[in-house]
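Structure, as structure tokens:
Note that the coordinates shown come from a computational prediction; the quantities given were computed from them, not determined experimentally. First listed ligand is number 1; within each ligand, the first listed atom is number 1.
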Amino acid sequence: MVTRFLVTNQWGFFITLPKPMIPKILTKKEFPLIPPKLNLIGGRRIDKMIKIKVKHSGIIKLKKITDKDGDGDMFIAEATKNIPFKIKRVFFINHPKRKRSIRGKHAHKKFNQAIFCVNGSFVLNLDDGRNKQSIVVNDPSVGVLLGPELWHTMTNLSKGCNILVLADDFYHESDYIRDYDDFLKHINNGITR
Ligand code: TYD
């Protein structure tokens with residue numbers, strides 16, 4: 001359901017407008033960012049406790065090979081094996097300059113994507129139109145599936161945060177739903193503007 005807010009028009013009458021979907025930046029108190037090195041919440045590894053509540057999503061685990069001499073860890077994604085689709089496109093986002101950067105703010109009609117944080121951390125906010133959920137993504141071996149019809153935003157990007165996305169199709173803008181009300185219309189009636 002779309003929340004509406006009251007404003008007065010030029011003649012002083014109250015009119016209602018849909019409230020724009022403003023992604024909330026979570027405060028440290030609401031969602032404490034976990035130091036990436038620790039990867040722990042209350043002594044348990046984060047990937048063990050993430051439970052996806054929204055539709056068209058899931059946890060994706062990459063194979064991790066730890067170098068015993070400390071020369072760097074390796075993370076392996078294999079299309080149709082641990083990545084549940086054939087990969088046609090890869091893109092990454094790095095060097096967020098502002099603490100309050102917000103990425104995403106859209107849903108896709110058909111694309112499937114897998115999102116990872118290869119360095120640092122960010123908060124992934126998911127919304128399937130019914131359920132909402134925020135996940136701290138801070139372990140390079142644990143990604144999240146972004147299926148179709150899932151409104152998503154990335155907030156709380158840490159310094160040096162690098163986001164990696166694998167996608168099952170080439171970029172085409174016609175797959176994007178960039179307006180939250182259109183997203184709700186799309187999932188409720190299958191219609192967009
Ligand atoms: P967008 O997907 O909106 O970024 P984000 O969700 O991370 O905030 O993309 C930003 C811009 O880049 C937009 O103008 C579309 C363009 N773009 C491409 O040209 N090709 C691509 O593969 C992607 C992902 C984006």
Item to complete: Please list, by chain and number, the protein residues whose heavy atoms come under 4.0 Å of ligand 1.
Response: Arg89, Phe91, Ile93, Arg103, Gly104, His106, Tyr171, Tyr176, Arg178
Practice prompt. Tell me whether Leu62 is reachable from Phe92 by hopping between hydrophobic residues (I, L, V, M, F, W, Y) whose side-chain heavy atoms are closer than 4.5 Å.
Written response: yes
Worksheet entry | Check: Phe111 ring centre within less than 6.0 Å of Tyr171 ring centre | no
Fill in: Verify same cluster id: Ile83, Val165 (apolar side-chain graph, 4.5 Å)
no
Practice prompt. Kindly assign one of parallel, tilted or perpendicular to the pair Phe183 and Tyr180, based on the angle between their ring planes and the thresholds 30° and 60°.
Written response: tilted
Discussion item. Please evaluate residues Lys63 and Glu78 with respect to the criterion salt bridge (charged side-chain N to carboxylate O under 4.0 Å, His left out), reporting the C-alpha separation (whole Å), side-chain torsions for both, the decisive distance (0.1 Å), and the verdict.
Written reply: CA-CA 9 Å; Lys63 186 176 172 185; Glu78 291 183 301; over 6 Å; no
Worksheet item: If you measure only the distance, is there a donor-acceptor pair under 3.5 Å linking the side chains of Asn119 and Asn162?
Response: no
